[in-house]
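Report on one structure; see the data block that follows.
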Amino acid sequence: MENLNFDTIKGFLTNLSYNQIFKIIAFIIAGMIIIRLVRILLVRTFFKHSNRQNQMLMLKLINYTGFLIILIIVLSELGISLTALLGAAGVLGIALGVASQKSLGNIISGFFMVTEKSFEIGDSITVGDKTGTVHSVELLSIKLKTYDNLLIRIPNETLITTDVINITRFPVRRMDLVLSVAYSSDLDQIITILKKVASDNIYCLDEPGPFIMIKSFENSGIELKFGIWFDKNQYVETRNSIMKHILEEFKKAGVEIPYPHVTISNASSFR
């Protein structure tokens with residue numbers, strides 16, 4: 001078959017017998033079943049101890065390979081020569097090759113990303129100014145589900161060239177709070193109060209212990225950095241609890257939390 005065009009394909013479809021149509025449908029159904037069985041077999045054997053990210057990528061590769069084989073079988077049953085098909089698609093392939101350089105870069109970046117194992121499906125990560133949970137890992141991109149239930153697609157090439165922060169990689173995290181107290185406050189008393197807060201709060205871990213540092217002298221007061229360790233799955237509960245606890249203890253001890261003051265003077269007093 002030297003030339004492949006629309007009329008040629010139309011002629012093939014018109015001349016198909018019921019037997020050929022039945023065989024094509026049977027090939028497609030059988031192929032889909034085989035692909036599914038192969039996926040199940042590999043998940044239960046070779047991929048049993050792999051993480052969800054590697055499983056998803058390999059299963060997608062199996063799908064694409066299986067569908068390609070089914071397509072080749074169907075074309076062969078139609079009597080369409082693959083040589084002629086590839087020849088007809090040669091010019092289009094060159095054009096697509098130039099246009100798909102970006103996609104190829106994303107695929108290669110994806111393989112590097114999988115090798116590094118910087119994150120897995122279910123991890124919370126920050127990429128640039130975007131933060132969310134890894135929803136899926138594709139050949140060209142990853143998809144993040146944000147905390148307000150939005151889906152963000154980030155190309156793999158962006159992940160390679162941008163700082164990626166894995167928020168939930170380790171089971172324990174530290175929460176840093178910046179507190180401000182009045183210059184008249186007793187700093188030793190403040191440090192004692194913060195240690196008590198960390199010790200009494202049910203969400204704060206005893207090990208590692210709290211981190212307390214006098215940070216700086218600001219216009220409105222003295223700033224302290226108060227860091228406590230907690231389970232990564234209890235971020236909201238820990239933050240709400242610790243903030244309320246600090247405020248309660250400061251009120252009991254009479255600790256003043258300063259705020260900026262603006263003093264307006266009568267201009268005539270400067271004359």
Side-chain angles (χ1 to χ4, degrees), residues 51-56 113 116-138 141-155 158-159 162-182 185 187 189-216 218 220-260:
N51 56 47
R52 291 173 58 194
Q53 176 176 313
N54 291 340
Q55 284 186 12
M56 180 175 289
M113 183 183 65
E116 289 183 349
K117 298 181 180 179
S118 300
F119 55 82
E120 299 178 0
I121 295 174
D123 285 349
S124 293
I125 66 173
T126 296
V127 183
D129 59 347
K130 299 175 179 62
T131 300
T133 304
V134 181
H135 181 70
S136 65
V137 179
E138 312 292 341
S141 64
I142 69 164
K143 291 183 175 65
L144 289 186
K145 182 180 179 182
T146 64
Y147 300 129
D148 54 350
N149 216 30
L150 299 178
L151 192 66
I152 301 177
R153 177 185 180 276
I154 302 178
T158 301
L159 297 173
T162 306
D163 290 337
V164 178
I165 302 174
N166 192 327
I167 301 172
T168 55
R169 179 61 177 269
F170 303 110
V172 174
R173 290 181 56 193
R174 193 178 83 180
M175 181 185 299
D176 290 332
L177 304 174
V178 176
L179 308 174
S180 182
V181 297
S185 301
L187 293 182
Q189 180 192 28
I190 299 295
I191 292 174
T192 301
I193 291 174
L194 293 179
K195 287 181 178 179
K196 180 178 184 301
V197 167
S199 175
D200 295 346
N201 192 279
I202 61 173
Y203 296 106
C204 297
L205 301 179
D206 294 330
E207 291 293 336
F211 172 80
I212 304 172
M213 180 180 70
I214 301 173
K215 188 170 180 286
S216 62
E218 301 296 331
S220 58
I222 303 172
E223 282 195 351
L224 297 94
K225 188 173 185 178
F226 179 41
I228 49 98
W229 295 88
F230 67 100
D231 185 291
K232 69 175 183 180
N233 297 317
Q234 297 178 322
Y235 178 82
V236 175
E237 296 89 343
T238 303
R239 189 172 185 88
N240 288 340
S241 175
I242 203 71
M243 294 292 281
K244 290 166 58 179
H245 203 165
I246 291 172
L247 185 60
E248 290 171 359
E249 293 298 326
F250 275 11
K251 284 182 177 179
K252 288 180 184 178
V255 176
E256 179 186 352
I257 300 177
Y259 56 89

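Source: prediction; values computed, not measured.
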Side-chain donor or acceptor of D123 paired with backbone N/O of T133 under 3.5 Å: no
Donor + acceptor pair across side chains of S124, Y147 (<3.5 Å): yes
Residue pair I214 / L187, side-chain heavy-atom distance below 4.5 Å: yes
Residues S220, E218; criterion side chain to side chain donor-acceptor pair (under 3.5 Å); working and verdict: CA-CA 6 Å; S220 58; E218 301 296 331; over 6 Å; no
Heavy-atom side-chain contact between C204 and I242 under 4.5 Å: yes
Test log, rule side-chain contact (heavy atoms from CB on, under 4.5 Å), inputs K232 and V172: CA-CA 5 Å; K232 69 175 183 180; V172 174; over 6 Å; no
From CD1 (I222) to CG (L179), nearest 0.5 Å: 12.5 Å
Full working for side-chain contact (heavy atoms from CB on, under 4.5 Å) between V255 and I190: CA-CA 8 Å; V255 176; I190 299 295; 3.3 Å; yes
CD1-NE2 distance between I193 and H245, expressed to the nearest 0.5 angstrom: 10.5 Å
Point-to-point distance, once rounded to the nearest 0.5 Å, from OG of S180 to NZ of K215: 10.5 Å
pair I125-I165: side-chain heavy atoms closer than 4.5 Å: no
K244 atom NZ: more than 12 heavy-atom contacts under 6.0 Å: no
Heavy atoms of other groups near K145 NZ, more than 12 under 6.0 Å: no
Flag side-chain contact, heavy atom, 4.5 Å: T131 against I167: yes
Interatomic spacing from CZ in R173 to CH2 in W229 - rounded to 0.5 Å: 10.5 Å
Close side-chain approach of F230 and Y235, heavy atoms under 4.5 Å: yes
Side-chain heavy-atom pair L177, L224 within 4.5 angstrom cut-off: no
Distance (rounded to the nearest 0.5 Å) between L194 CG and I228 CD1: 11.0 Å
Minimum side-chain heavy-atom gap V134-L144 below 4.5 Å: yes
Lys NZ or Arg CZ of R169 over F119 ring: under 6.0 Å, within 45°: no
Donor-acceptor pair, side chain of T162 and main chain of T158, under 3.5 angstrom: yes
Test item: T238 and M175 side chains (from C-beta on) under 4.5 Å apart, heavy atoms: yes
Exceeds 12 heavy-atom contacts within 6.0 angstrom, atom CG of D163: no
Euclidean distance, K251 NZ relative to I246 CD1, rounded to 0.5 Å: 13.5 Å
Flag, side chain of N201 to backbone of A198, donor-acceptor distance under 3.5 Å: no
Main-chain N/O of H135 paired with K143 side-chain donor or acceptor, under 3.5 Å: no
Partner residues of R239 under the salt bridge (charged side-chain N to carboxylate O under 4.0 Å, His left out) criterion, sequence neighbours left out: none
Nearest non-hydrogen partners of A253 and Q189, listed with the distance: CB-NE2, 3.7 Å
